[in-house]
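Report on the following structure.
Quick caveat: nothing in here was measured; it's all calculated off a predicted structure.
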Amino acid sequence: MLLLLSQVISDFDMTLTKFAHKGKRVPTTHNILNNKLLIDDDSTVKMKELFNTYYPIEIDASLNPEEKLPYMVEWWTKVHDLLIQQRIRKDEMARAVRESNAVLREGCSAFFDCLAEQRVPLLIFSAGVGDILEEVIRQNHVFHPNVHIISNYMDFDHTGVLQAFKGQLIHSYNKRAGALSHGATLRELHGQPNVLLLGDSLGDLSMADGVSTAQNILTVGFLNDQVEERKESFLNSFDIVLLRDETMDVPNAILRFIVSSEISKVHREK
Ligand code: TMP
Ligand code: MG
């Protein structure tokens, strides 16, 4: 298998997690923090208002990434400032994740488990909140040793209160810069030419830009929302586009195909 698939690079929110479950939107890592356990009532309203203002811009088919970029910086900056003001406590976060409706796509555990068994590195590249992302995959028992994460991580003071976010901000439309600046995380993945990339936004296509030796990239785009408006641009940009598909059936089928062709190749060579 290593000969054929050498790494997977995936977005997290609405790619490895579902877009909707039982008729309700699944919370992103930021939205898991929008919980009365962690922030006050005014702030929960404010965070929702910010979501309702900026998310439509994020997925607006009539704007290009350059036009969206300043709004994304504004959104992330306002939300992170609000979270810092609210003095979020590190020791409450696991409970907030447990009480949330965060849910991975159907078949996601099999996907994580197969990559771990085959020792294929999985880089999760998320503009969400890394600490929450880690807790979600830990609680789903899929935080295997082959998982690497690039995301926005929280910086807590010695009493466990949020005081800042670490490093350069990652939002949905600067993943290229993030990819290029994370040389250390990506170094282990260098020299690995065949990449499977999963995302739910055109901004996710630049996640492999830090892997200089990537020669063959198979890109899969989950088109969850504004489907008709964005279909053309997704079809022009991703190799495979999945429309309102809440499962990992297609990525799992790709993995199964690669594993079985590798096994039959080994048999043929015997
Ligand atoms: P991703 O890179 O893992 O998909 O995470 C980014 C998503 O998070 C992006 O689609 C926008 C979303 N988001 C929220 O849901 N709430 C927020 O407050 C912010 C800043 C982003
Ligand atoms: Mg996403």
Side-chain angles (χ1 to χ4, degrees), residues 5-17 19 28-30 54-55 57-77 80 115 120-130 133 147-153 165-226 229-242 250-251 254:
L5 178 64
S6 29
Q7 68 163 303
V8 175
I9 303 181
S10 181
D11 170 56
F12 189 70
D13 290 309
M14 297 179 273
T15 295
L16 293 177
T17 57
F19 176 73
T28 58
T29 49
H30 278 100
Y54 291 102
Y55 174 69
I57 300 174
E58 186 191 11
I59 60 161
D60 189 334
S62 69
L63 298 173
N64 66 40
E66 289 73 43
E67 290 168 315
K68 293 178 185 191
L69 196 136
Y71 295 103
M72 297 302 104
V73 174
E74 230 172 75
W75 184 14
W76 262 257
T77 307
H80 287 190
L115 293 176
V120 175
L122 166 60
L123 172 65
I124 303 177
F125 197 146
S126 171
V129 180
L133 187 170
V147 174
H148 307 261
I149 299 164
I150 297 177
S151 190
N152 298 303
Y153 276 92
F165 277 80
K166 295 176 187 168
Q168 203 189 333
L169 175 72
I170 304 171
H171 58 75
S172 5
Y173 289 100
N174 74 346
K175 288 194 175 181
R176 182 182 151 74
L180 297 177
S181 71
H182 277 82
T185 314
L186 290 162
R187 197 170 304 129
E188 185 184 332
L189 310 172
H190 279 178
Q192 310 209 1
N194 299 335
V195 174
L196 172 64
L197 181 148
L198 311 178
D200 77 303
S201 155
L202 297 183
D204 293 331
L205 285 162
S206 60
M207 294 188 298
D209 288 5
V211 190
S212 53
T213 51
Q215 287 157 7
N216 310 306
I217 307 183
L218 177 65
T219 59
V220 178
F222 288 91
L223 181 47
N224 303 309
D225 202 2
Q226 294 280 302
E229 294 83 346
R230 295 197 293 164
K231 200 151 81 184
E232 197 186 332
S233 61
F234 266 58
L235 286 169
N236 288 336
S237 312
F238 287 95
D239 298 314
I240 299 172
V241 178
L242 304 173
V250 170
I254 295 170

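- With contacts defined as side-chain heavy-atom distances shorter than 4.5 Å, the pair Glu74/Tyr54 qualifies.
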Could you go through the side-chain contact (heavy atoms from CB on, under 4.5 Å) check for Ile240 and Ile254 one step at a time? CA-CA 11 Å; Ile240 299 172; Ile254 295 170; 4.0 Å; yes

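- A 4.5 Å side-chain heavy-atom check between Pro70 and Val73 finds every atom pair outside the cut-off.
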Evaluation steps, side-chain contact (heavy atoms from CB on, under 4.5 Å), between Leu196 and Leu5: CA-CA 7 Å; Leu196 172 64; Leu5 178 64; 3.9 Å; yes

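- Taking every heavy atom of both residues into account, Thr28 and Asp13 meet most closely at CA-OD1, 3.3 Å.
- Atoms OG and NZ, on Ser62 and Lys68 in that order, are 8.0 Å from each other to the nearest 0.5 Å.
- Annotation for Leu198 and Pro251: closest pair CD2-CG, 4.2 Å, computed over non-hydrogen atoms.
- The pair Lys175-Asp11 meets the salt-bridge criterion, with a side-chain N (NZ, NE, NH1 or NH2) lying under 4.0 Å from an Asp/Glu carboxylate O.
- When every heavy atom of His171 is checked against every heavy atom of Leu69, the shortest pair comes out as CE1-CG, 3.8 Å.
- Checked by atom type and distance alone, the side chain of Asn224 pairs as donor or acceptor with a backbone atom of Met14 at under 3.5 Å.
- Judged purely by atom type and a 3.5 angstrom limit, Asp200 has no side-chain atom pairing as donor or acceptor with the backbone of Leu223.
- With sequence neighbours left out, the side-chain contact (heavy atoms from CB on, under 4.5 Å) criterion links Ser201 to Tyr173, Asp204.
- Within the model, atoms CD1 of Ile9 and CZ of Phe125 stand 8.5 Å from one another, a figure rounded to the nearest 0.5 Å.
- Contact between Gly128 and Thr29 at its shortest, heavy atoms only, is CA-OG1, 3.2 Å.
- Within the 3.5 Å criterion, the main-chain N or O of Gly203 finds a donor-acceptor partner in the side chain of Ser206.
- At a threshold of 4.5 Å between non-hydrogen side-chain atoms, the residues Leu169 and Phe165 do not count as touching.
- Contact annotation: the side chain of Ser10 approaches that of Leu122 to within less than 4.5 Å [non-hydrogen atoms, C-beta and beyond].
- For the pair Asp60 and Glu58, the minimum side-chain heavy-atom distance is 4.5 Å or more.
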Please walk me through it: do Tyr55 and Asp225 pass side-chain contact (heavy atoms from CB on, under 4.5 Å)? CA-CA 11 Å; Tyr55 174 69; Asp225 202 2; 2.7 Å; yes

For Ser6 and Asn194: C-alpha separation, side-chain torsions, deciding distance, then whether side-chain hydrogen bond (donor to acceptor under 3.5 Å, both in side chains) applies. CA-CA 5 Å; Ser6 29; Asn194 299 335; 4.9 Å; no

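- For the atom pair CG of Leu133 and OG of Ser151, the computed distance is 5.5 Å after rounding to the nearest 0.5 Å.
- Asn174 places no side-chain N or O within 3.5 Å of a backbone atom of Ala177 that could act as its donor or acceptor partner.
- Val241 is not listed as a side-chain neighbour of Phe222, based on a closest heavy-atom distance of 4.5 Å or more.
- Under the 4.5 Å side-chain criterion, counting only non-hydrogen atoms from C-beta, Ile150 is in contact with Ile170.
- Residues satisfying the side-chain contact (heavy atoms from CB on, under 4.5 Å) test with Thr219, not counting sequence neighbours, are Leu197, Leu205, Ile217, Phe238, Asp239.
- Counting heavy-atom neighbours within 6.0 Å of Tyr71 OH, excluding the residue itself, gives a total of 12 or less.
- Aromatic rings from His30 and His80 are positioned such that their centres are separated by under 6.0 Å.
- Annotation for Ala127 and Trp76: closest pair O-NE1, 2.8 Å, computed over non-hydrogen atoms.
- When side chains are defined from C-beta on, Asn216 does not count as touching Val195, because their heavy atoms never get closer than 4.5 Å.
- The distance from the OG atom of Ser126 to the CD1 atom of Ile149 is 9.0 Å, given to the nearest 0.5 Å.
- Nearest heavy atom pair, residue Arg230 against residue Ile59, reads CD-O, 3.3 Å.
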